[in-house]
Protein chains: 2
Amino acid sequence: MTTLKELAKLLNISVSTVSKALNDSHEISENTKKRVYELAEKLNYKPNRIAQQLKTNKTKTIGVILPTVTNPFFAEVLHGIETAATSSDYDIIVCLSNESLGKELRSLELLSNGSVDGFIMAVARESQVEEESGHIKSVIDNKIPVLMFDRVVNEIICDKVIVDDFQSVYEATEYLIKKEKRKNILLVSNIEELSVGKLRTKGYRKALEEANLQPNILKLDNVEDVEDKIYEYLKDNGKTDAIISIDHITGVIAINMAKKLGKSIPRDLSVIGFGYEHTHLLSSPKISIIHQKAFEIGEMSVTLLIDNLNTENHTLQTIVVPSELKFSESTI
Amino acid sequence: MTTLKELAKLLNISVSTVSKALNDSHEISENTKKRVYELAEKLNYKPNRIAQQLKTNKTKTIGVILPTVTNPFFAEVLHGIETAATSSDYDIIVCLSNESLGKELRSLELLSNGSVDGFIMAVARESQVEEESGHIKSVIDNKIPVLMFDRVVNEIICDKVIVDDFQSVYEATEYLIKKEKRKNILLVSNIEELSVGKLRTKGYRKALEEANLQPNILKLDNVEDVEDKIYEYLKDNGKTDAIISIDHITGVIAINMAKKLGKSIPRDLSVIGFGYEHTHLLSSPKISIIHQKAFEIGEMSVTLLIDNLNTENHTLQTIVVPSELKFSESTI
DNA sequence: TTGTAAGCGTTATCAC
DNA sequence: GTGATAACGCTTACAA
């Protein structure tokens, strides 16, 4: 790679002159600038990023720690993060915790050595279950800003971008009760142990309580037997007239199982699930979805973190990104 | 952040002694080492990564450029890449081209300034359509190793990790013809312009040709009207007795549409699609899938690239990762 | 307008 | 066993 030194030597001027010329300093004559530009162009000179980082003590890099990226929600958030970061001239280093506390901890530690200016993260499942967050606190204590999104830790004070988990499910449930006159609404959940899962279930319970209806919750822990479990439940509980799935997959499966049992959707059964960009394409009849604005969550996270990095008196805040209830044509 | 200098000052010894002690040099006395270790531990000293990178001229970072990450295939590849990179002590900087040539070009350029030791990439759709690859060649000419996976450019000579696109579809088609005695096999495709799409279609054609059957190809360009197009096709072509989808989404939709038309699967219609980890969960009856080993592709890519980075006489190679034909219970 | 020199935090060479 | 010094490539007072 071409360096300033090489350019300087070839042009018979000093390194600092070259540096200033390339930074378009007013100190340098137009003539010299021109000579420098041309040679730099010719030799395809690019300032060494590492050296700049060392000098300025800024990496312009964000560490992004995600539980997984095969879940479309996190994939879409990553998309938003990458887009916003790029447009602010930041790079992102991505680590996947695979829902493991240990991996999350190691990633944070490894990148806390000057590799990144700050972190954007969603807490690993294990960290939430174990209620362990000392590793995150320690990063913040070391003056490296952290932003948490979606799955957050209440005890930790930092910027947060969250979804209206409680509210969206509350409203969806209320809609089923009031508009569609449903009385036996089943909640299907495979994320009960996550902060977001708890909030969503809470929203469901609240709406039912207000209508004096009984909650029915089907907890699933193993993705592989979801089909059977739902099928059995629907067979044994013929009165079920609506299903709310609080994840992005069991809703589609519920529709398939209901069809298998000869139920007409949405006449006999309404189904609302969480979903993202293409979820609706995969079910027929179309599932109604609570659409989390994952891309926007990613974008907002970057904006907020960068503000924290660049603003002297940044005030920590929690932003709630409202979800959008998207009714399928057939349900409405 | 604590630096060597600070440790040195506090211990009243020189920076170089501290450095050597921390690197467990035999030159340093056990006693000194102990004092250094303890203070470093206490002050949570971590060697500044940027300084090390500048010194060694190695970033231990891989630039990963993906067309998108909301496609489960690329998400899973990324998972494999992250896993393998982490276990080899490499970080990854992720850029998404969003299928755009311009973005791909800018990402490559931006990271070619010493930010990464090498690249792993799948070419953007636009780059393939426009047959533009000068930007990639120029990176390689600058002595930065590039590894391409899945979507590759034949003209560029570099390490490659690819899928057996031709072979897998050829075999799947052959299976439908010979074992299931299907005669009217439809190929559904929304990736016709990609190198991988062309290869898959070729495999299909070859198998049909050998059996003296006519190809029927339904090209879809807009995800939103896939349902209607498939529905119409199946309605107008009642003799269709098998469908091969060469992407990861239209197969599931085809099953839904066939059911809507009252067809029995797999009796009236066999469906084989491309799929990944959880694809089969989303359809009922279960779709048969050509399972691309996305995670392994990611892992292999990292292994091969790192070998290139660290081996003096690395020989460029192309690795083919065979797919696995997974028949649903109901089809077999 | 240009150049000198110090410094970012680390490692490595060489002297003491 | 320990320390002084230079170097990686860049930026930036300060000097000329």
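Letters A, B, ... are given to chains in the order of the sequence lines, protein chains preceding strands, and every chain is numbered from 1. Computed from a predicted structure; not experimentally measured.
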- prompt: In a check of side chain to side chain contact (heavy atoms under 4.5 Å, CB included) between Ile156(B) and each of Val123(B), Val139(B), Ile140(B), which one passes?
  reply: Ile140(B)
statement: 5'-most to 3'-most nt of DNA chain C touching chain B (<4.0 Å, heavy-atom partner on protein side) reads dC8(C) to dC14(C)
Contact summary for Thr59(A) and Arg49(A), nearest pair of heavy atoms: O-NH2, 2.9 Å
- line: Expected list for residues 16-34 of chain A near DNA chain D, using heavy atoms below 4.0 Å, is Ser16(A), Ser19(A), Lys20(A), Asn23(A)
message: Would the distance check show the side chain of Asn48(A) and the main-chain N or O of Ile50(A) forming a donor-acceptor pair, the cut-off being under 3.5 Å?
response: yes
message: Salt bridge check, Asp89(A) against Lys60(A): does any charged N sit closer than 4.0 Å to a carboxylate O?
response: no
- prompt: Where along residues 7-14 of chain A does a heavy atom fall under 4.0 Å from DNA chain C?
  reply: Ile13(A), Ser14(A)
- prompt: Does Asn113(B) use its side chain to pair, donor to acceptor, with the backbone of Leu110(B) at less than 3.5 Å?
  reply: yes
Between P of dA7(D) and CG of Leu4(A), the distance in whole Å: 17 Å
message: I'd like to know if the side chain of Lys160(B) and the backbone of Val153(B) have a donor-acceptor N/O pair within less than 3.5 Å.
response: yes
- request: Salt-bridge test for Lys34(A) and Glu30(A): reply yes if a basic N is under 4.0 Å from a carboxylate O, no otherwise.
  value: no
query: Which pairs with one or both residues in residues 112-136 of chain B pass salt bridge (charged side-chain N to carboxylate O under 4.0 Å, His left out), sequence neighbours excluded?
result: Arg125(B)-Glu193(B)
Any donor-acceptor N/O pair, Thr32(B) side chain to Ile28(B) backbone, under 3.5 Å: no
query: Using 4.0 Å as the upper bound for N to carboxylate O, is an ion pair formed by Arg151(A) and Glu99(A)?
result: yes
task: Considering only NZ, NE, NH1 and NH2 on the basic side and carboxylate oxygens on the acidic side, decide whether Glu82(A) and Lys103(B) come within less than 4.0 Å.
output: yes
- prompt: Hey, does Asp307(B) have a side-chain heavy atom less than 4.5 Å from the side chain of Asp159(B)?
  reply: no
Side-chain donor-acceptor contact under 3.5 Å, Ser195(B) with Gln128(B): yes
query: Just by modelled atom types, is the Asn313(A) backbone N or O under 3.5 Å from a matching donor or acceptor in the Thr311(A) side chain?
result: no
- prompt: Counting N and O atoms only, with roles assigned by atom type, does the side chain of Lys33(A) sit under 3.5 Å from a partner on the main chain of Ser25(A), one being a donor and the other an acceptor?
  reply: yes
message: At a heavy-atom distance below 4.0 Å, what parts of residues 43-56 of chain B sit against DNA chain D?
response: Leu54(B), Lys55(B)
task: Enter the inter-axis angle for the ends of the helix from dT1(C)-dA16(D) to dC16(C)-dG1(D) (five pairs per end, rounded to 10°).
output: 50°
